[in-house]
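Heads up, the thing below is written out as structure tokens.
Just so it is clear, the model here is predicted, and its values are computed rather than measured.
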Amino acid sequence: NSVFVPNVHFWMAESYSALKDYKNALASYQQLAEKYSYSPKAPDALLAAANCQQELKSVAGAKKTLKQLVAKYPDSDAAGKAKAILKTLK
């Protein structure tokens with residue numbers, strides 16, 4: 001019940017990502033985004049989740065996640081980055 005739980009998920013996911021364990025990183029990012037959508041880390045978690053999906057060769061999943069990010073957090077810095085990435089994905 002701690003206010004720090006979303007940050008724990010984020011940094012745990014970042015650690016997995018640094019180890020190139022994209023499957024576990026993706027799961028942690030997604031859990032943060034779903035359970036703690038109010039967190040300031042949620043938009044960044046979705047952006048990072050899309051990156052993990054790209055690393056896992058799931059371009060369709062990455063596109064879906066990026067579109068979700070733009071729709072849910074349109075004014076975030078992460079949404080701006082997501083829009084730019086969407087333009088490059090085929």
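Between the side chain of Thr65 and the backbone N or O of Gly61 there is at least one donor-acceptor pair closer than 3.5 Å.
Contact of the Cys52 side chain with the Tyr16 side chain is not registered, since no non-hydrogen atoms from C-beta on lie closer than 4.5 Å. Looking at heavy atoms from C-beta onward, Leu69 lies in side-chain contact with Ser76 at the 4.5 angstrom threshold. Taking 4.5 Å as the limit, some side-chain heavy atom of Trp11 sits within range of a side-chain heavy atom of Lys41.
In terms of heavy atoms, Leu89 sits closest to Ala62 at CD1-CB, 4.4 Å. In this structure, Lys81 and Leu47 approach most closely via the heavy-atom pair CD-CD2, 3.8 Å. Residues Glu14 and Ala48 come closest through the heavy atom pair OE2-CB, 4.4 Å. Looking at every heavy atom in both residues, Ser37 comes nearest to Ala42 through O-CB, 3.7 Å. The nearest pair of heavy atoms linking Ala45 to Tyr29 is O-CB, 3.5 Å. For the pair Ala82 and Val70, the tightest heavy-atom approach, listed with the atom from each and the gap, is CB-CG2, 3.8 Å.
Going from atom CD of Gln30 over to atom CD of Gln68 covers 8.5 Å, rounded to the nearest 0.5 Å. Taken to the nearest 0.5 Å, the CD atom of Glu55 stands 16.0 Å off from the NZ atom of Lys23. To the nearest 0.5 Å, atom NZ of residue Lys83 and atom CD1 of residue Ile85 are 13.0 Å apart. Taken from CG in Asn7 to OH in Tyr36, the straight-line distance is 11.0 Å, to the nearest 0.5 Å.
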Worked check of side chain to side chain contact (heavy atoms under 4.5 Å, CB included) between Met12 and His9: CA-CA 5 Å; Met12 196 165 59; His9 284 288; 4.1 Å; yes
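No continuous path of ILVMFWY side-chain contacts below 4.5 Å connects Leu32 to Leu46, so the two sit in separate hydrophobic clusters.
Atom OH of Tyr38 has more than 12 neighbouring heavy atoms from other residues, nucleotides or ligands inside a 6.0 Å radius.
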